[in-house]
K.L.:
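Quick one: structure below, then a few questions.
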There are 4 protein chains.
Amino acid sequence: MSENRPNGTALRRAILDETRHLLVADGYDNLSMRKIARAVGCSATSIYLHFENKDALIHALIDEGMEQLHEQLVTAAKEPEPIARLNALAHAYVRFGLDNREYYQVMFQLHPERMERYPVEKFRRARRNLEIHAEALADGVEVGVFRTSSPETGAHVLWTALHGLVSLLLAERVDVKLADEAFIDAAVQHALDGFSK
Amino acid sequence: MSENRPNGTALRRAILDETRHLLVADGYDNLSMRKIARAVGCSATSIYLHFENKDALIHALIDEGMEQLHEQLVTAAKEPEPIARLNALAHAYVRFGLDNREYYQVMFQLHPERMERYPVEKFRRARRNLEIHAEALADGVEVGVFRTSSPETGAHVLWTALHGLVSLLLAERVDVKLADEAFIDAAVQHALDGFSK
Amino acid sequence: MSENRPNGTALRRAILDETRHLLVADGYDNLSMRKIARAVGCSATSIYLHFENKDALIHALIDEGMEQLHEQLVTAAKEPEPIARLNALAHAYVRFGLDNREYYQVMFQLHPERMERYPVEKFRRARRNLEIHAEALADGVEVGVFRTSSPETGAHVLWTALHGLVSLLLAERVDVKLADEAFIDAAVQHALDGFSK
Amino acid sequence: MSENRPNGTALRRAILDETRHLLVADGYDNLSMRKIARAVGCSATSIYLHFENKDALIHALIDEGMEQLHEQLVTAAKEPEPIARLNALAHAYVRFGLDNREYYQVMFQLHPERMERYPVEKFRRARRNLEIHAEALADGVEVGVFRTSSPETGAHVLWTALHGLVSLLLAERVDVKLADEAFIDAAVQHALDGFSK
DNA sequence: CATGAATGAGCATTCATTCAT
DNA sequence: GATGAATGAATGCTCATTCAT
């Protein structure tokens, strides 16, 4: 049993990975320490050697997800031209959500109750992602290609639209006849159109 | 104890009502058959006389929610002018979501996989609500005030935007400094702007 | 399995009895709902049908014990003559403790922490037992056979002496060569001597 | 981390000290090897290098407690006059009990059955403390100020009274309106009165 | 139509202890 | 001497569901 189980901090890695998988497979409500342990191939107790409790484990997952999303957004933000940049950012966001549904659920779809113990400070990391969009909007306003009441509000509004798109796609609520790349492009474009001058 | 408990199918009605209340008060995760029974004033066993199991009870509730939403949308759709009508529809949708917190969660944020016994066919009922928006869009296109690739796609796109708005507001993820009526109006307007000709 | 298990409220009775036995056998710290269930022959869940939680179960046991002790004290208190009455009361208390070690531990040897949730009001029942002794003392003072600073204080002082006797005997800390009826008589007499005028 | 941790047998010392502190602070039931290790600043495993198991650690502590109590009794026993000496001994015992809450619990309120691995022989150490009282009694009998059937029995009887006093005070079962120094003095005096000639 | 009694499976978490290093 | 990693067993408690009545 122990020969094919990762050792040292590799166990931490394995726990995070299996938790992510289980989240997709069973949903947050059906996630239990025992199940994670069973999936990883260790005892439930062992999880507590690497994470203080269930919350801390989830939080670690959120951190990882936020970090990854941030990296992808930073990459997309390298485009200097505001319109193209915002376009790239929006698509990067949606792409991240669709490619990482495991992360996305814990990152953005968890009830605030569940997050109570999540250190407020860490939410700042999430806010940086919004700021990247806000900057693109501000730059666009400056060069006269965008209009918005305020870049911050605009970034939030854009986020609600993109989040709705990702959420419904992940929940498979969009008519299967529509849910293709063209639809995604249309929805993203629609979300961006509102800023066009 | 039994004298003031509704009899007959009135019990079914009471169960649904109390479940709805509990859902709003305590959230989906804290919903249990026992709590419902206690609130209704009947035994837990009795619930099973009216609903096959917990899922079936939830499904009935989803149906009711869809029906309620439908009614409110139908009312909003009475406005003949397409722009005003779509505007009313969008606001009605958002209003319904914000006024029915947990209801909304059960209706739109539960993954169908986790509701596998929910007859897929019933989701069609939800589709009627989309059609109402599609009609408004089609009417607008016809009289030349809207543009969209297709009314059905447009309705879906609008839905993703509105759903994202409701979801993030319910999850309290929108910066408290922004999350007010003005923000809601801005987001809804943004979602509608894309259709303006 | 179910054929030889008591039904109805008899299960409640069985739970209380087995809990008492287990308390003597394993001690409070080793008492668990599962063990009780196993001993009774029911599921752990079933215990919760009769007692809200572990505390409530213990409290019920304390109540029973207090009631029994009270009855025996009331019987002993029928003796009209104060000296003989106090003597009878003291011996009745000690006898109760030694004959009911199961009860005695939860009644008087449980840490106050454990009792936190024990309704203060119920402690009054215990206080009545003290009052019976205080009355005997007061009567003795009145007829000039006892002296004490106050009957209440005197009753408490007597209690500490008797409780110490019972405790050490139950804990088997008294030298086995001494721990006989003569020793008990001597200790009780010693505890009473202090009141003699 | 390791530089300021005592090495060699000093660790044994540190473990005993911290265990004693934790015992007083958190109580016996909340004592765990892990907590001790954390407090000491060593690993839980290390404790096992110095103590076979938890029981052995507790036993060592009981020994120390008995030793401490013994020292305080020896000091009190320096008084040559029997009446004053017994008085000093009784107060020293009670004082020790009240000043060492949880210590006392471990020493005198743990049932030997539950400490079955504790070498019975070690309980003899406790007996020395009784002998000190017995000697005072014997001396008093000799000079004609005390009467008792036998000094050994008398010492035990006195012990039961004092133990009862300490136990009920520690358990906070004595009415708060009474539980003060005056009450303690009265109870101790009462316990001694029985020996007065 | 309704219920009280009952249950097995599950939960997050803590524990004393062991073992390879 | 000392440790980090690991574990099986246990804890109180809640859940959806069933069954005999």
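Naming convention: chains lettered A, B, ... in sequence-line order (proteins, then strands); numbering from 1 in each chain. Computed from a predicted model, the values in this text were never measured in an experiment.
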K.L.:
Would you kindly give the CG-to-C1' distance between L49(C) and dT3(E), to the nearest whole Å?
P.N.:
13 Å
K.L.:
What distance do L22(C) atom CG and D17(C) atom CG have between them, rounded to the nearest 0.5 Å?
P.N.:
11.0 Å
K.L.:
Just verifying a value: how many Å separate I15(D) CD1 and L57(D) CG, rounded to the nearest 0.5 Å?
P.N.:
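Rounded to the nearest 0.5 Å, the CD1-CG separation comes out at 7.5 Å.
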K.L.:
Please pick, from dT7(E), dG4(E), dG4(F), the nucleotide with the shortest atom-to-atom distance to any side-chain atom of S43(B).
P.N.:
dG4(E)
K.L.:
What is the distance, rounded to the nearest whole Å, between atom CZ of F51(C) and atom C1' of dG4(E)?
P.N.:
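The answer, rounded to whole Å, is 16 Å.
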K.L.:
Pick the nucleotide of DNA chain F nearest each of E52(C) and I47(A); which residue has the one closer to the 5' end?
P.N.:
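Between the two, 5'-proximity favours I47(A).
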K.L.:
Has the side chain of N53(B) got a donor or acceptor atom that lies under 3.5 Å from a matching backbone atom of D55(B)?
P.N.:
yes
K.L.:
Assuming nearest nucleotide by heavy-atom distance, tell me which of A44(D) and A44(C) is located more 5' along DNA chain E.
P.N.:
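The residue whose closest nucleotide sits nearer the 5' end is A44(C).
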K.L.:
Residues in side-chain hydrogen bond (donor to acceptor under 3.5 Å, both in side chains) with S46(B), at least two apart?
P.N.:
S43(B)
K.L.:
Quantify the bending of the helix from dA2(E)-dT21(F) to dT21(E)-dA2(F) as the angle between its end axes, each fitted on five pairs, to 10°.
P.N.:
30°
K.L.:
Atom CG of L57(D) and atom C1' of dT17(E): how far apart are they, to the nearest Å?
P.N.:
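L57(D) atom CG is separated from dT17(E) atom C1' by 14 Å.
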K.L.:
Under 3.5 Å between N/O atoms: give me all the protein pairs with nucleotides 9-12 of chain E, atom names plus distance.
P.N.:
residue, atom, partner, partner atom, Å
dC11(E), OP1, S32(A), OG, 2.6
dC11(E), OP2, S32(A), OG, 3.4
dC11(E), N4, R34(A), NH2, 3.4
dA12(E), OP1, L31(A), O, 3.4
dA12(E), OP1, K54(A), NZ, 2.8
dA12(E), OP2, M33(A), N, 2.9
dA12(E), N7, R34(A), NH1, 2.9
dA12(E), N6, R34(A), NH1, 3.1

K.L.:
Could you walk me through whether E18(C) and R12(C) pass the salt bridge (charged side-chain N to carboxylate O under 4.0 Å, His left out) check?
P.N.:
CA-CA 10 Å; E18(C) 288 299 339; R12(C) 190 191 141 94; over 6 Å; no
K.L.:
Test side chain to side chain contact (heavy atoms under 4.5 Å, CB included) on L170(D) and Q105(D); report intermediate values, then the result.
P.N.:
CA-CA 9 Å; L170(D) 289 183; Q105(D) 184 186 9; over 6 Å; no
K.L.:
Are any of S46(C)'s side-chain N or O atoms less than 4.0 Å away from OP1 or OP2 of dA6(E)?
P.N.:
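Negative; the distance criterion is not met.
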K.L.:
Please enumerate all residues that pass side-chain hydrogen bond (donor to acceptor under 3.5 Å, both in side chains) together with Y103(D), with sequence neighbours excluded.
P.N.:
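None.
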K.L.:
Would you say H50(D) places a side-chain N or O within less than 4.0 Å of OP1 or OP2 belonging to dA2(F)?
P.N.:
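Checking H50(D) against dA2(F): at least one side-chain N or O falls below 4.0 Å of OP1 or OP2.
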K.L.:
Tell me, please, which residues at least two apart from S167(A) pass side-chain hydrogen bond (donor to acceptor under 3.5 Å, both in side chains).
P.N.:
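With neighbours one apart ignored, the set is Q109(A), H163(A).
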K.L.:
Starting at CG of D29(A) and ending at P of dA16(F), how long is that distance when rounded to a whole Å?
P.N.:
12 Å
K.L.:
Could you tell me which residues satisfy side-chain hydrogen bond (donor to acceptor under 3.5 Å, both in side chains) with E64(D), sequence neighbours excluded, listed by chain and number?
P.N.:
R13(D)
